[in-house]
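Structure first, then comments.
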Amino acid sequence: MQFSDLGLAEPILKALAAKNYVDPTPIQQQAIPVLLQGKDLCGIAQTGTGKTAAFALPSLDHFARNPMATPVKGCRMLVLSPTRELAAQIAQSFRDYGRFLKLSVEVVFGGVPINKQIRALSAGVDIVVATPGRLLDLIDQRAFTIKDTEIFVLDEADQMMDMGFIHPLKRIAKLLPRDRQNLFFSATMPKEIESLAGQFLHDPVKVSVAPQSTTAERVRQQATFVNQAEKQALLHIVLNNEDIDRALIFTRTKHGADRVVRSLEGAGIQAFAIHGNKSQGQRTTALQAFRQGKVKLLVATDIAARGIDVSGVSHVINFEIPNVPEQYVHRIGRTARAGAEGVAISFVADDERPYLKAIERTTRVKLDIAPLPENFMEAVRNLPKPAAPRKGPEQSPAQKARRVEGQRRYQEGQRGNAERAHRPDGEDGAKRPFRRRRSGVGAHKGAVQRTGAPR
Ligand code: AMP
């Protein structure tokens with residue numbers, strides 16, 4: 001089957017040809033005909049399967065065949081995404097696939113000023129891709145309404161639940177019009193997700209593709225047992241020994257991600273972090289640099305990295321093992337995309353061994369256990385000091401106050417120095433600088449030696 005067999009409108013086929021897409025992926029083959037008939041759909045599929053095009057193409061087809069004015073302060077199609085990065089990525093896909101159609105696409109998410117979004121939505125938009133929180137903010141401010149939505153998509157439903165979006169989703173469900181087409185996607189379908197799906201869908205067609213283990217089969221998976229405190233040293237060796245094009249390094253916590261970045265920077269290795277404490281600007285910059293290959297290492301927490309589609313990730317490194325096996329599958333799914341081979345390396349501390357067992361049970365794959373490298377203890381001893389925390393928006397108020405005070409003192413000192421520099425030498429009564437000798441001849445506790453002075 002080819003795209004041309006699906007009956008999609010000509011401008012869409014032209015856009016697909018421009019992207020060199022010829023064959024629809026399995027989820028596209030199953031979903032597109034159903035959606036073109038206007039039916040509801042419940043899809044079990046994870047990112048990397050081509051699900052974005054599976055819902056974008058038939059929707060674009062609907063708009064191409066049914067042109068209509070956009071509702072004021074409203075939209076014709078609403079796509080909900082759990083993360084800002086995924087929302088931006090989905091919006092870009094709509095723009096790409098719809099480039100020969102005259103349709104407006106807007107993306108709205110938190111962490112950036114709302115006023116620009118209010119202006120962009122005021123005249124109405126064809127397709128809005130949104131995260132739930134900011135969407136409700138806009139609705140509460142009466143800047144936007146979803147009452148005219150013809151097509152509604154809930155993407156990555158399981159992650160929405162993980163992120164605690166259940167109440168926003170229930171509110172959104174009540175604000176949508178009764179008569180609409182619904183699409184619901186989730187990588188997994190446990191009971192609570194099924195009941196959430198029930199609140200949105202009417203008599204859906206169910207499609208399911210690529211059981212999660214198939215991604216795992218193309219990934220060379222290995223694990224090394226190592227003390228938590230010595231993981232940084234192991235990471236440095238792995239990065240040195242492996243032939244890495246692009247690596248995603250996962251940590252469990254936001255601080256953990258920052259610590260890894262500082263440790264790498266201490267050794268002169270550039271890496272960026274993305275997690276919930278970073279500003280939207282920082283997250284976008286980091287992801288863009290990683291995508292464009294300007295930085296080879298991206299350190300991320302699960303929440304920030306889910307759904308992100310970056311091609312050419314050769315390695316996924318689990319600096320910490322996730323305590324939910326499905327999360328492991330999502331992580332390693334970042335590599336081995338589009339038929340490529342990938343490597344996943346996991347660092348397992350003693351208290352993480354039960355998590356490893358659970359992962360092996362879920363994926364039915366036994367990880368190769370790699371011993372610690374030969375030069376490991378030496379690497380632990382010689383591990384460079386981590387770089388100092390970066391000054392930036394994530395500083396605490398106390399850190400900020402210390403920085404401001406430090407700057408004030410420094411500037412005062414500079415003013416004094418500048419003044420003295422203009423006086424003839426020796427007239428200001430300034431003492432020559434002292435240097436404390438900490439080692440070598442004559443050094444003893446408390447010894448102070450004036451340097452430059454005649455002996
Ligand atoms: P997704 O699962 O939607 O994140 O898509 C994964 C990747 O596959 C994206 O980079 C898409 O651009 C790409 N893709 C989607 N459909 C096709 C297709 N039919 N042929 C080739 N690549 C595709």
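When a ligand or atom number is given, it counts from 1 through the structure's own listing order. We number each residue from 1, following the sequence as shown.
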Contact region, Lys19 to ligand 1, non-hydrogen atoms below 4.0 Å, reads neither

Side chains of Thr131 and Met163, heavy atoms from C-beta outward: is any pair under 4.5 Å?
no

In terms of side-chain heavy atoms, does Ser104 have a donor or acceptor partner in Asp126 at a distance below 3.5 Å?
yes

Check each atom of ligand 1 against the heavy atoms of Asp23 and keep those under 4.0 Å away; list them by number with element.
18 (C), 19 (N), 20 (N)

Does any N or O of ligand 1 fall below 3.5 Å from an N or O anywhere on Ala53, backbone included?
no

Using a strict cut-off of 4.0 Å, indicate which atoms of ligand 1 neighbour a heavy atom of Phe3.
19 (N)

For the residue pair Lys14 and Phe100, would you count it as a cation-pi contact if the rule is NZ or CZ under 6.0 angstrom from the ring centre and within 45 degrees of the ring axis?
yes

Any donor and acceptor pair, going by atom type alone, linking the side chain of Glu360 with main-chain N or O of Leu367 inside 3.5 Å?
yes

Would you mind running through ligand 1 and noting each atom that sits below 4.0 Å from a heavy atom of Thr52?
1 (P), 3 (O), 4 (O)

Nearest to atom 14 (N) of ligand 1 by heavy atom, Tyr21, Phe185, Phe55: which?
Tyr21

For the pair Phe185 and Phe55, name the ring-plane relationship: parallel under 30°, tilted 30 to 60°, perpendicular over 60°.
tilted

